[in-house]
Amino acid sequence: MAENEDVALVAINVRIWRYFAVLYPTAQSNWRKYAFVLPVCLMNVMQFLYLVEMWGDLPAFILNLFFLSAIFNALMRTWLAIWKHEEFERFLHELTYLYRQIEASGDEYAQRILLEAVRAARRIAIFNLSASTLDITGALIFTLFRQQRGHTFGIALPLLDMQRTPTYQIFHVLQTPLPLVLSMMYMPFVSLFAAFALFGKAMLQILAYKLSCIGRLEEEEQRYQMLTACIRYHINIMGYVRKMNALVTNILGAEAIIYGSIICLLLFDLNIMSSYTQMISIVMYIGTMLYVLYTYYNRANDLVIESALVSQAVYNVPWYECGMRFRKTLVIFLMQTQRPLEIRVGNVYPMTLAMFQSLLNASYSYFTMLRGVTNK
């Protein structure tokens, strides 16, 4: 547990989830995950009740549907991590082992690649937490300047008027901690996914470099030993990517459906909205979802690209200078590297930038169809 927190690649997000007992729960800290998640679950139910009340007002209904979906998505991610905390912990343990191996290797190129991955992962984690907190804080502040009373996240309870004093003030104060709570619930999953993918990319880059060094060795036996070491390392990377995919594939499938639908509805809401302030807010919300999706698909796409470069590096090994044993082993390895290492969405389709574009095209197509139907 402490070892994982010392790995700078994932330290920020692991510490957050450990503090709230999402990961590494103990008898003393186990209560924190319920205090962290259950109030937000209650608010999500209250959002649903409010959504029912807003049925006749289409622009407000769509906007509040977005808030409901965003918080439900954050809860879904957190409950997944709580439910699968042992799998996450085992995966983090394996990541730590592979990370320490690179640190102790003494290979300057490998350590430089690892340092670049760490810096990128930390930048993403800090930016995600900061931007999310500021975004939700801005939404809370904006509510104070409305002409009519209203909560940032519309909520309702049966037999209770949320607009009356002191009910309105009480629930407004209760929503004050939401910027921090929702940011720490929503963003660690995105940041950890990016960190996992960056580390996989770094390992593939190191493997391609090791393969390029085989031709520099003079003795055939040395070349063969280097080749078998590269094969073992590639097997470790395949196992790493396979376990990562098993952890995230189902939640990514659900989020693809949620994000695709909500982007379509927000575009439609933007088309019928009359308030410029709310139009700016919707553009920001769409931008946030596009950023999260792009982070997923871009980092997963890097794995596909680097795995293809590994296959190319295998092909470029000077096999013609070696004996039959080396050649046969190299051919088997080449066949193994032909299958790209990829993260799949719901175990259905690979996460690539091409699929990201297809998802956006589908959302826009449904938006134009919805706009065409309503304009008739």
Side-chain angles (χ1 to χ4, degrees), residues 13 40 44 47 51 58-78 80 124-125 127-140 142 152-154 178-179 181-194 197 248-273 277-301 343 345-346 349 351-371:
N13 301 290
V40 183
N44 207 222
Q47 284 182 285
L51 199 64
L58 187 56
F61 179 85
I62 294 175
L63 190 57
N64 283 279
L65 179 62
F66 161 72
F67 290 136
L68 173 72
S69 302
I71 294 179
F72 176 77
N73 188 21
L75 286 168
M76 187 169 58
R77 292 174 177 177
T78 308
L80 173 75
I124 290 171
F127 174 79
N128 286 350
L129 289 171
S130 303
S132 177
T133 302
L134 290 173
D135 188 24
I136 302 173
T137 302
L140 284 172
F142 171 75
T152 305
F153 303 100
L178 285 179
V181 173
L182 291 179
S183 296
M184 290 186 289
M185 186 176 288
Y186 189 83
M187 282 304 178
F189 186 90
V190 179
S191 301
L192 280 175
F193 178 92
V248 302
T249 184
N250 292 327
I251 194 76
L252 292 176
E255 289 188 356
I257 297 172
I258 292 172
Y259 282 0
S261 303
I262 294 300
I263 289 174
C264 167
L265 290 174
L266 285 180
L267 287 172
F268 178 74
D269 202 21
L270 192 63
N271 191 58
I272 61 176
M273 187 71 68
T277 306
Q278 289 187 330
M279 289 173 68
I280 294 172
S281 299
I282 290 173
V283 170
M284 291 176 61
Y285 300 147
I286 293 174
T288 300
M289 287 190 291
L290 290 178
Y291 166 75
V292 172
L293 282 174
Y294 180 76
T295 300
Y296 281 150
Y297 283 80
N298 184 44
R299 296 306 169 187
N301 188 72
I343 306 299
V345 178
Y349 64 85
M351 294 189 78
T352 62
L353 289 179
M355 293 308 302
F356 173 66
Q357 182 180 359
S358 297
L359 178 62
L360 297 186
N361 288 340
S363 297
Y364 187 77
S365 296
Y366 285 120
F367 156 66
T368 54
M369 181 181 69
L370 186 62
R371 184 178 62 177

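Being a predicted model, the structure only gives us computed values, none of them experimental.
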Colleague: Answer whether the closest heavy-atom distance between the side chains of Tyr186 and Asn128 falls below 4.5 Å.
Modeller: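 No; the side chains remain at least 4.5 Å from each other.
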Colleague: Just wondering, more than 12 heavy atoms not from Phe72 lying within 6.0 Å of its CZ?
Modeller: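 No.
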Colleague: Counting distance only, does the side-chain N/O of Ser132 pair as donor-acceptor with the main-chain N or O of Leu129 below 3.5 Å?
Modeller: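 Answer holds: no.
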Colleague: Step through the shown structure and confirm whether more than 12 heavy atoms of other residues, nucleotides or ligands are within 6.0 Å of OH on Tyr291.
Modeller: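 Yes.
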Colleague: Not counting sequence neighbours, which residues clear ring pair (Phe, Tyr, Trp, His ring centres under 6.0 Å) with Tyr366? List them please.
Modeller: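 So Tyr366 forms no ring pair (Phe, Tyr, Trp, His ring centres under 6.0 Å) with any residue.
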Colleague: Looking at CG of Asn64 and CD of Gln47, how far apart are the two atoms once the value is rounded to the nearest 0.5 Å?
Modeller: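 The CD atom of Gln47 is 7.5 Å from CG of Asn64, to the nearest 0.5 Å.
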Colleague: Sequence neighbours excluded, which residues qualify as side chain to side chain donor-acceptor pair (under 3.5 Å) partners of Tyr349?
Modeller: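 With neighbours one apart ignored, the set is Tyr297.
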Colleague: Please tell me if the side chains of Phe268 and Met369 come closer than 4.5 Å, counting only heavy atoms from C-beta onward.
Modeller: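 With C-beta onward as the side chain, the pair stays apart.
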Colleague: To the nearest 0.5 Å, how far apart are CG in Leu267 and CD1 in Ile262?
Modeller: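 Going from the CG atom of Leu267 to the CD1 atom of Ile262 covers 11.0 Å.
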Colleague: Taking only residues two or more places apart in sequence, or in another chain, which ones meet Asp269 in a side chain to side chain donor-acceptor pair (under 3.5 Å)?
Modeller: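 Per chain and number, Asp269 pairs via side chain to side chain donor-acceptor pair (under 3.5 Å) with no residue.
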Colleague: So, using side chain to side chain donor-acceptor pair (under 3.5 Å) as the criterion, who are the partners of Asn301 when residues are at least two apart?
Modeller: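 Once residues adjacent in sequence are excluded, Asn301 has no partner under the side chain to side chain donor-acceptor pair (under 3.5 Å) criterion.
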Colleague: State yes or no: are the ring centers of Tyr285 and Phe66 separated by less than 6.0 Å?
Modeller: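 Close enough - the centres of the two rings lie under 6.0 Å apart.
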Colleague: Distance-only criterion, 3.5 Å: show the donor-acceptor pairs between side-chain atoms of residues 248-258 and protein atoms not counting sequence neighbours.
Modeller:
| from | atom 1 | to | atom 2 | distance (Å) |
| --- | --- | --- | --- | --- |
| Thr249 | OG1 | Arg344 | O | 2.7 |
| Thr249 | OG1 | Gly346 | N | 3.1 |
| Thr249 | OG1 | Asn347 | N | 2.7 |
| Glu255 | OE1 | Arg77 | NH2 | 3.3 |
| Glu255 | OE1 | Tyr296 | OH | 3.0 |
| Glu255 | OE2 | Arg77 | NE | 2.5 |
| Glu255 | OE2 | Arg77 | NH2 | 3.2 |

Colleague: Could you tell me whether a side-chain N or O of Ser363 sits under 3.5 Å from a main-chain N or O of Cys264, the two making a donor and an acceptor?
Modeller: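 Answer holds: no.
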Colleague: How long is the gap from CZ on Phe367 to OG on Ser365, to the nearest 0.5 Å?
Modeller: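 Going from the CZ atom of Phe367 to the OG atom of Ser365 covers 11.0 Å.
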Colleague: For the residue pair Leu370 and Leu265, establish whether any side-chain heavy-atom pair is separated by less than 4.5 Å.
Modeller: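 Answer yes - side chains close enough.
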Colleague: Could you tell me which residues satisfy side chain to side chain donor-acceptor pair (under 3.5 Å) with Ser69, sequence neighbours excluded, listed by chain and number?
Modeller: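 Applying side chain to side chain donor-acceptor pair (under 3.5 Å) to Ser69 gives none.
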Colleague: Is the closest side-chain heavy-atom distance between Leu290 and Ile263 below 4.5 Å?
Modeller: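 Of all side-chain heavy-atom pairs linking Ile263 with Leu290, at least one is under 4.5 Å.
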